[in-house]
Structures are given as structure tokens and as C-alpha cells.
Amino acid sequence: MFALSETERLVQRTARDFAARVIAPKAAEIDASEAFPSHILRGLADLGLMAINVPTELGGAGAGVMAYALAIQEIARACASTAVMTSVTNMVSETIARFGTHTQKGLHCPKLASGEHVLGSFALSEPDSGSDPGAMRTTARRDGAQWVIDGAKQWITGATYAGVLLVWARTAPAETGSRGLSCFLVEKGTRGLRVGPPEDKMGIRASNTVPLELDACRVPADALLGDEGGGFKIAMEALDGGRIGISAQAIGIARSALAESIAYSKDRHAFGGAIASQQAIQWKLADMQAHIDAAELLAMRAARLKERGGRYTREAAMAKLFASESAVRICNDAVQIHGGYGYMRDLPAERHLRDARVTTIYEGTSEIQRLVIARGVLE
Ligand code: CAA
């Protein structure tokens, strides 16, 4: 089930090489300066890594879900900020490829793949609805040949640089809950779309995260993605796939934390020997490795199930829950292994811990993943 194809290995090698050569040397600097890594994202697009699981006829790499997960993992080993923007853009592109009309796909997928749209954004969350999108307040009403969108979005990854945004809005009364939502393609620069200032975050500081205001934002009737009222299911399907990406991001961050912990513990001496010879350190390293492997197996299972078609909601939730919670623990242990040095900004251990923390929150909190898993268990 988990044997890799030649294409998957190629994508993995390509991402690993670019991450080591181009991304890793810049990761600490862009974290500190919060500089948007445009040249890195351009390089990833040139390598086909912005639309990995999008058909080649739409400009994508057509390499599949496993290849997507492997690439995100490699990118995250170097820089979690770059990884999340890459992951979300892939998710947006896949969603348009899956639900778009011929025209919508032709208009946006090639641009997302080539980097002409620097990023794609997924605008679901709002100031008062994160875990419960069915409670969103943004509305869209039909006015002749247009939709008029009004409302606000919060914590939107990459929106300052997005060429196209998926924006969810209520097209039926509030009582309809999640069944009254629709999804719209909103292009950069559309009148009435206002992108707010970047958030000051704990981690993934080079990733662009902004609020949006939609003030009588008019889009043409054919900007509706999928069916009117079908927006919630589009969001849920997209997030099932996105959660594989966030699992991969968490695994990548954890892998770096482990590699640095191994190197440090062999190098650092205390009580007459390398600290790697102490059982207290060995047990931490063993737990870290076991959790990374288990997380990777869960993520690979979800990826293969997605490739086969059919629902993999529960498997993606398990992968995301386990990988993200493990990453936080692993990165925390990595700081502990590094002792005082681990708490300093000079070494990457503290960045990994700050970066890992958000993986238990975005694309569905750990509590939401448990809810999804429990529903399946109790079915
Ligand atoms: N795939 C397809 N359909 C699905 C689905 C899925 N994964 N999950 C639910 N549905 C369908 C249901 O079958 C149901 O269909 P019917 O109306 O035909 O019966 C419908 O959707 C409603 O489902 P529920 O009753 O289960 O919906 P709910 O309101 O109880 O919510 C939830 C379920 C799992 C809690 C969901 O709201 C959820 O996942 N919340 C978290 C949202 C989230 O992850 N937000 C992240 C923001 S985006 C982000 O972070 C991106 C970024 O930039 C990094």
C-alpha cells in the first residue's frame, strides 16, 4: 500500500533538493523578518509543486495525493511557513479542478500551477465562526447577473498575494445552517474585497495570514463554484484533503526537530559523556521516532485512500490529529534536549515548536478531528 511509485520518488527528491538548497538557508531569516518568500514560491511553482495533484491538462503535475504529501513534508522540514502556503494553494487548485466548470478550471488552475497566481486562498473562517462554518455570517445575494458578497473573513492564509480566493458565503437564510452556504471564486483586486494587515503570529511567521472585508463585493454569476447551497460540502471535501497536507507539514517539522536533537545529543557532553548516552535522552529520541513513523503511516493511509476515491474523512482526521499533536510534543522535547540553547533564537528548535503549535488548530482543531473520528467510531 505504501510502496512509492517512480513519480512519487521523483517529486519527493525534487522537493527535498529544492528545500535543502534554497529554502532551508532562508528559513530562520524569513521567520525573524516575516518576509514573504516570493522567490521561493516562484521556484516551487517552476518545479510543479504548486499543483501536485492537479491534472496535467490544467497545468498541474498530475502526480497524485501521496506525491503532494511527500512534497509538503520535505518543504516543511526546511520551512513550515512556506509549507503551509504551498499546501493551501494546492488545496485551492485541486478544489477548483474538482468542482469548477470548464471555464473556471481553465481560467485559474494553470495560473495557480505556474505561479502567475502567486497563491490561492481558502476563505472560510470568520471572526465568529471557525470550527462551526455553518454559523457564518458573510452573505451573498443575487443581483441580476452578479452576486454581491458582504461580510468578513479571518486568518486567511496567503490572501495578500492570492490571485484567486475561494470565498464562502451564506446564500440562504441563517436557519439553513451549513446547507445554506455557497462557494465563490473571487479574483484579486475585485472591487469591495479588502485585504487587512498581516497578523502578528506565534509561529509560521513568514506565512501571510490576514483578515478580509467584503463590502458589496460584486462577482459575476459564473463565479459560483459548484451548486448554490453546496458550499459546505465543497469546504469539507477540500479540508479532508487539506488535512493530509497539514499532517505532512507537522511530520516535516517534527523530522527536523528530531534530526537536530540527535545531532545535538551526540555532540553535547555532560557527566563525562555525550548526552545521547543518557537513557533520559534516548527515551525521548525513541518516542519521537516512533511517533513520527506512526504519523507518517496514518498520513500515507489517508493519501492512498483518497487516491482510490470514496470517503477518507475519518482517516484524514486521524492523521491530522496524531501528526499535529505528536509534532507539538516532539518539538517540545527537542527544546528540552537542547536545554538552554533550545530556548534561544540562535537554534531552530524554538522555531519548530512555535511553528508546530498551529498545526493542532488550523484546518480543524484537534477537538474537531476527535469529533469527526468519534462520529465514525459510534456509527
Ligand atoms: N465530505 C463530504 N460531505 C461532508 C463531509 C465531508 N468530509 N463532512 C460533512 N459532510 C456533509 C454531511 O454528510 C452532511 O450532508 P447532508 O446535509 O446531506 O446530510 C452535511 O455535510 C453537514 O454535515 P454535518 O452535519 O456533519 O456538519 P456539522 O455542522 O456538524 O459540522 C464539522 C461538521 C466536522 C464539525 C465541520 O464543521 C468541520 O470540519 N469544522 C471545522 C472547520 C475547519 O476545519 N475550518 C478550518 C478553516 S480553513 C483553514 O484553516 C485553512 C488555512 O488557511 C490553513
Visitor: How long is the straight-line distance from CZ of Arg170 back to OG of Ser129, given to the nearest 0.5 Å?
Guide: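 So the gap between those two atoms works out to 9.0 Å.
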Visitor: Quick one about Thr360 and Arg357 (side-chain donor to acceptor, distance below 3.5 Å, no hydrogens or angles considered), yes or no?
Guide: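 Checked: Arg357/Thr360 side chains pair up, N/O donor to acceptor below 3.5 Å.
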Visitor: Just jot down the side chain to side chain contact (heavy atoms under 4.5 Å, CB included) partners of Met344, sequence neighbours excluded, or say none.
Guide: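 By the side chain to side chain contact (heavy atoms under 4.5 Å, CB included) rule, Met344 matches Asp346.
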Visitor: Dump the intermediate steps for side chain to side chain donor-acceptor pair (under 3.5 Å) on Thr209 and Lys201, then the final yes or no.
Guide: CA-CA 8 Å; Thr209 310; Lys201 305 188 294 295; 3.1 Å; yes
Visitor: At what distance, to the nearest 0.5 angstrom, does OG1 of Thr14 lie from CG of Leu70?
Guide: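 Interatomic distance, Thr14 OG1 to Leu70 CG, rounded to 0.5 Å: 11.5 Å.
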Visitor: Which value, rounded to the nearest 0.5 Å, describes the distance between Phe322 atom CZ and Leu297 atom CG?
Guide: 10.0 Å
Visitor: Salt bridge check: are Asp143 and Arg218 linked by an N-O gap of less than 4.0 Å?
Guide: yes
Visitor: To which residues is Leu378 joined in a hydrophobic cluster, defined by side-chain heavy-atom contacts under 4.5 Å among Ile, Leu, Val, Met, Phe, Trp and Tyr, whether direct or through other members?
Guide: none
Visitor: Listed by chain and number, what are the ring-ring contact (aromatic ring centres under 6.0 Å, His included) partners of Phe232, not counting sequence neighbours?
Guide: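 Scan of Phe232 (ring-ring contact (aromatic ring centres under 6.0 Å, His included), adjacent residues dropped) gives none.
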Visitor: Taking only residues two or more places apart in sequence or in another chain, which ones pass ring-ring contact (aromatic ring centres under 6.0 Å, His included) with Tyr264?
Guide: His338
Visitor: Using the rule given for salt bridge (Lys or Arg N to Asp or Glu O under 4.0 Å), can you reason through Asp17 versus Arg13, listing the C-alpha separation, both sets of side-chain angles and the distance that settles it, and then say yes or no?
Guide: CA-CA 6 Å; Asp17 171 66; Arg13 271 200 308 274; over 6 Å; no
Visitor: Could you pull out every donor-acceptor pair under 3.5 Å between side chains of residues 43-54 and any protein atom, sequence neighbours left out?
Guide:
from: Asn53; atom 1: ND2; to: Glu94; atom 2: OE1; distance (Å): 3.2
from: Asn53; atom 1: ND2; to: Glu94; atom 2: OE2; distance (Å): 3.4

Visitor: Can a side-chain donor-acceptor contact be found between Ser182 and Glu228 if the only test is distance below 3.5 angstrom?
Guide: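 Distance-only check fails for Glu228 and Ser182.
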Visitor: Establish, from distance only, whether the side-chain atoms of Gln73 and Gln12 form a donor-acceptor pair under 3.5 Å.
Guide: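 No, because no side-chain N or O of Gln73 sits under 3.5 Å from a partner of the opposite role on Gln12.
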Visitor: Return the set of residues passing ring-ring contact (aromatic ring centres under 6.0 Å, His included) with Phe122 (not counting sequence neighbours), or none when no residue passes.
Guide: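 Only Trp168 meet the ring-ring contact (aromatic ring centres under 6.0 Å, His included) criterion with Phe122.
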Visitor: My understanding is that a hydrophobic cluster links ILVMFWY residues whose side chain heavy atoms are under 4.5 Å apart, including indirect links. Using that, what else belongs to the cluster containing Ile253?
Guide: none
Visitor: Could you check Arg354, Arg351, Arg205, Arg345 and say which one makes a side-chain hydrogen bond (donor to acceptor under 3.5 Å, both in side chains) with Asp31?
Guide: Arg354
Visitor: Under 3.5 Å, is there a donor-acceptor pair linking the side chains of Asn332 and Gln336?
Guide: no
Visitor: Could you state the interatomic distance from CZ (Arg98) to NZ (Lys105), rounded to the nearest 0.5 Å?
Guide: 10.0 Å
Visitor: What I'd like to find out is whether the side chain of Tyr161 reaches to under 4.5 Å of the side chain of Ser121, using heavy atoms alone.
Guide: no
Visitor: For the CG atom of Asp215 and the CD1 atom of Ile149, what is their distance to the nearest 0.5 Å?
Guide: 12.0 Å
Visitor: In terms of side-chain heavy atoms, does Asp150 have a donor or acceptor partner in Thr139 at a distance below 3.5 Å?
Guide: no
Visitor: Partners of Arg137 by side chain to side chain contact (heavy atoms under 4.5 Å, CB included), sequence neighbours excluded?
Guide: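 By the side chain to side chain contact (heavy atoms under 4.5 Å, CB included) rule, Arg137 matches Glu126, Asp128.
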Visitor: My understanding is that only residues two or more places apart in sequence, or in another chain, count here; which of them pass side chain to side chain contact (heavy atoms under 4.5 Å, CB included) with Ala257?
Guide: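 Partners of Ala257 by the side chain to side chain contact (heavy atoms under 4.5 Å, CB included) criterion, ordered by chain and then number, come out as Ile330, Cys331, Ala334, His352.
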Visitor: To the nearest 0.5 Å, how far apart are NZ in Lys153 and OG in Ser125?
Guide: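 The NZ atom of Lys153 sits 8.0 Å away from the OG atom of Ser125.
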Visitor: May I have all residue pairs that pass side chain to side chain donor-acceptor pair (under 3.5 Å) and include part of residues 185-197, sequence neighbours excluded?
Guide: Arg194-Glu213
Visitor: So Asp240 and Lys306, do their side chains get closer than 4.5 Å, heavy atoms only?
Guide: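 SC-SC contact between Lys306 and Asp240 ruled out.
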Visitor: Mind checking what makes side chain to side chain contact (heavy atoms under 4.5 Å, CB included) contact with Pro25, not counting sequence neighbours?
Guide: none
Visitor: Under the side-chain hydrogen bond (donor to acceptor under 3.5 Å, both in side chains) test, which residues partner Gln249, sequence neighbours left out?
Guide: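 For Gln249 the side-chain hydrogen bond (donor to acceptor under 3.5 Å, both in side chains) partners, ignoring immediate neighbours, are Tyr362.
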